Amino acid sequence: MPENTVEVLMIEDNPVHVQLIRHYMESSRLTTRLHVAGTLREGLDLIGEASFDVVLLDLVLPDSADLDTLHSVRAAAPELPVIILTGLDDVSLAATAVEAGAQDYIVKTQANTTLLSRSIHYAIERVRARSGEWDSAMFKLAQQQFLKAAQIMGLDENIRERLLFPQRTHIVTLPFRRDEYHLVENVFGYRVQHLLTMGPTKGGIRYHEDVNLGEVSALAMWMTWKCALINLPFGGAKGGVRIDPTDLSRRELQRLTRRFTSEIIDIIGPDKDIPAPDMGTDEQVMAWIMDTYSQQAGYTVPGVVTGKPVVLGGSLGRREATGRGLVYLVEAAAQHMGMSLDGATAVVQGFGNVGSNTARFLDADRVRVVAVSDVTTGIYNANGLSLEDVFKYCEKNRFLSGYPEADEVTNQELLELPCDILAPAALQNQITGDNADRLKCRLLAEGANGPTTLDADEILGEKDVFILPDVLGNAGGVTVSYFEWVQDTQNYTWTLEEINTRLHNILIDAFERTVHRASEDHIDMRTAALIEGISRVTQAKLLRGIFP
Ligand code: NAD
């Protein structure tokens with residue numbers, strides 16, 4: 001046998017199906033060796049004895065049924081790619097298994113040599129690509145959400161594989177001097193462009209100690225769906241530096257930003273890829289990026305970033321656009337649900353750009369904001385917080401910790417407080433299978449990217465919580481970034497009223513399309529929003545064709 005023989009374990013009790021798959025594999029271009037087990041027990045014994053590249057798994061076996069079969073194989077070999085073999089009657093079970101971590105499924109009666117060998121090849125490729133730098137919970141979540149939507153919409157298989165990984169990734173290491181001149185720090189930086197089909201790419205830059213290629217790639221993928229859902233002429237991108245920005249002085253932050261910009265300067269630009277703020281970055285950081293880029297170009301290029309200060313070509317309304325947009329959507333969702341906002345209660349996790357503005361606009365809508373949090377603590381007052389007071393406190397003390405007019409709660413406790421509206425606006429992976437059941441909100445308004453895992457989605461669906469998914473909920477930011485880019489490239493200025501009216505119209509249009517698709521297709525809001533975005537990208541890809 002050649003060295004690159006693919007070792008395939010097939011756990012299947014029907015001898016006719018075993019014969020069929022064996023036949024397809026023998027005529028495949030892949031060199032494979034097939035091992036067969038007729039029960040789960042036999043399969044697990046083989047996994048314990050030898051090493052395999054992939055498992056073909058029938059979920060209904062004489063000694064195990066449904067997802068238990070998958071979980072047993074996963075427990076025995078967590079990294080082994082699994083392809084579900086299913087009958088036509090069990091396709092929805094197979095789709096659930098893919099959501100639960102299997103790589104793919106094949107309907108046995110529709111299988112053929114090409115389908116089978118491609119499925120095996122891509123399942124192995126995906127698992128390999130996820131190792132190391134790609135191995136992040138967030139990237140897996142973004143991929144699983146995409147695969148779920150792709151299955152439901154019956155996405156063309158070629159397009160599905162193409163969109164599962166970003167088109168370009170750029171990893172850099174860069175040095176910057178600490179204020180103690182002799183100390184030089186070396187850090188990792190990333191810029192990922194997920195899709196170049198739709199126009200320039202667009203996405204924020206994050207400074208956080210957890211940034212890695214997987215996280216940035218997930219964020220870039222979500223940007224693609226978000227821009228397509230909103231009908232903006234951009235593909236998705238994202239960037240970041242793995243560093244804790246709260247540990248840096250302003251001078252250090254400037255040196256780091258300028259050096260990072262120069263490391264990615266060849267791949268950004270107003271016609272190529274346009275960064276914006278994200279966690280840990282702000283208007284000042286955008287101003288330094290714009291200045292560094294302009295110094296190299298030899299003239300001022302305002303359109304290279306969005307989210308800049310207004311005096312440098314930034315747009316009115318950009319700073320608060322994400323929070324404002326989220327609250328426009330909360331208003332639409334509340335109307336849809338028949339919930340009055342006057343007197344409703346809200347909890348907001350994160351008190352940075354998105355969280356603080358969300359709290360402010362909810363408060364303006366007469367919603368009682370009972371709890372907010374930041375990295376240091378959560379603060380809770382069942383009668384409602386005085387936001388004016390909280391803002392003043394933060395201005396003086398930087399963080400919420402020590403705020404006197406409220407009880408202290410942890411960030412985890414905060415998520416479980418009784419409220420009508422819960423707005424996660426800090427980190428990813430906050431609402432999971434572990435705590436979703438204890439959430440008490442009626443409306444989950446996602447300001448953060450990736451705050452909710454797939455298993456939590458399922459639980460919230462059962463509890464009838466209405467979800468404004470991140471790709472829709474926080475799209476106000478990139479929408480006003482688009483306005484900023486248009487104004488920069490046209491040398492034009494719009495009034496705040498024009499900006500807010502256009503923002504409102506665009507978001508409400510996307511909300512209505514998403515609600516319509518969700519109810520027509522009997523699917524959840526997240527999948528509906530993703531399918532809206534993926535459909536537009538697919539249409540564009542098919543029209544452009546493949547070069548050469
Ligand atoms: P930010 O840096 O301005 O604020 C982040 C907030 O989260 C801060 O209050 C910080 O203290 C808090 N935080 C950090 N670690 C935390 C932890 N472990 N537990 C609880 N809170 C923690 O960032 P931002 O721009 O407001 O971004 C927040 C989220 O919104 C991110 O997921 C980002 O991707 C998303 N988002 C931002 C924008 C934008 O325009 N800024 C647009 C779309 C999506």
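We use all heavy atoms of the structure for the numbers below, so side chains are in, but hydrogens, waters and symmetry mates are not. No experiment lies behind these values; they were computed from the predicted model shown. Note that ligands are numbered from 1 as they come in the structure, with each ligand's atoms numbered from 1 the same way.
For the pair Q349 and ligand 1, the shortest N or O to N or O distance does not fall below 3.5 Å. Residue contacts with ligand 1: N353 is placed with a nitrogen or oxygen under 3.5 Å of a nitrogen or oxygen of the ligand (distance criterion only). Residue G350 has no N or O atom closer than 3.5 Å to an N or O atom of ligand 1. Considering backbone and side-chain atoms alike, V375 places an N or O below 3.5 Å from some N or O of ligand 1. Ligand 1 has no nitrogen or oxygen under 3.5 angstrom from a nitrogen or oxygen of N474. Polar contact check, F399 against ligand 1: no nitrogen or oxygen pair lies under 3.5 Å apart.
In T322, the part holding a heavy atom less than 4.0 Å from any atom of ligand 1 is the side chain. Under 4.0 angstrom from ligand 1, the non-hydrogen atoms of R318 all belong to its side chain. The residue A321 has no part lying near ligand 1, judged by heavy-atom distances below 4.0 Å. At a heavy-atom cutoff of 4.0 Å, ligand 1 is contacted by the side chain of R206 but not by its backbone. With a heavy-atom cut-off of 4.0 Å, V478 does not touch ligand 1 at all.
Remark: side-chain polar atoms of R368 are paired, donor with acceptor, to backbone N or O of A382 under 3.5 angstrom. Between the side chain of N212 and the main chain of D135, no donor-acceptor pair closer than 3.5 Å is present. Under a 3.5 Å cut-off, the side chain of E252 and the backbone N or O of D179 do form a donor-acceptor pair.
Protein heavy atom at the shortest distance from atom 2 (O) of ligand 1 is G280 N, 3.0 Å. Among all protein heavy atoms, the one lying closest to atom 26 (O) of ligand 1 is V354 N, 2.9 Å.
By the 4.0 Å N-to-carboxylate-O rule, D524 lies close enough to K148 to be salt-bridged with it. Electrostatic pairing of K308 and D488 counts as a salt bridge here, judged by a charged N lying under 4.0 Å from a carboxylate O. We find that D266 and K272 are not joined by a salt bridge, their nearest charged nitrogen and carboxylate oxygen being 4.0 Å or further apart.
Other residues, nucleotides and ligands place more than 12 heavy atoms under 6.0 Å from the CZ atom of R536. The environment of CD in E458 is sparse: at most 12 heavy-atom neighbours from other residues, nucleotides or ligands sit within 6.0 Å.
Note that R255 lies outside the cation-pi zone of F176, set by a 6.0 Å cut-off to the ring centre and a 45° limit from the axis.
Proximity to A426 (heavy-atom distance under 4.0 Å) selects the following atoms of ligand 1: 7 (O), 21 (N), 22 (C), 28 (C), 29 (C), 31 (C), 32 (O). Proximity to F351 (heavy-atom distance under 4.0 Å) selects the following atoms of ligand 1: 9 (O).
Proximity annotation for atom 20 (C) of ligand 1: of T281, T410, N411, N411 comes nearest, heavy atoms only.
Pairing each heavy atom of Y380 with each of A371, the nearest pair is CD1-CB, 3.9 Å.
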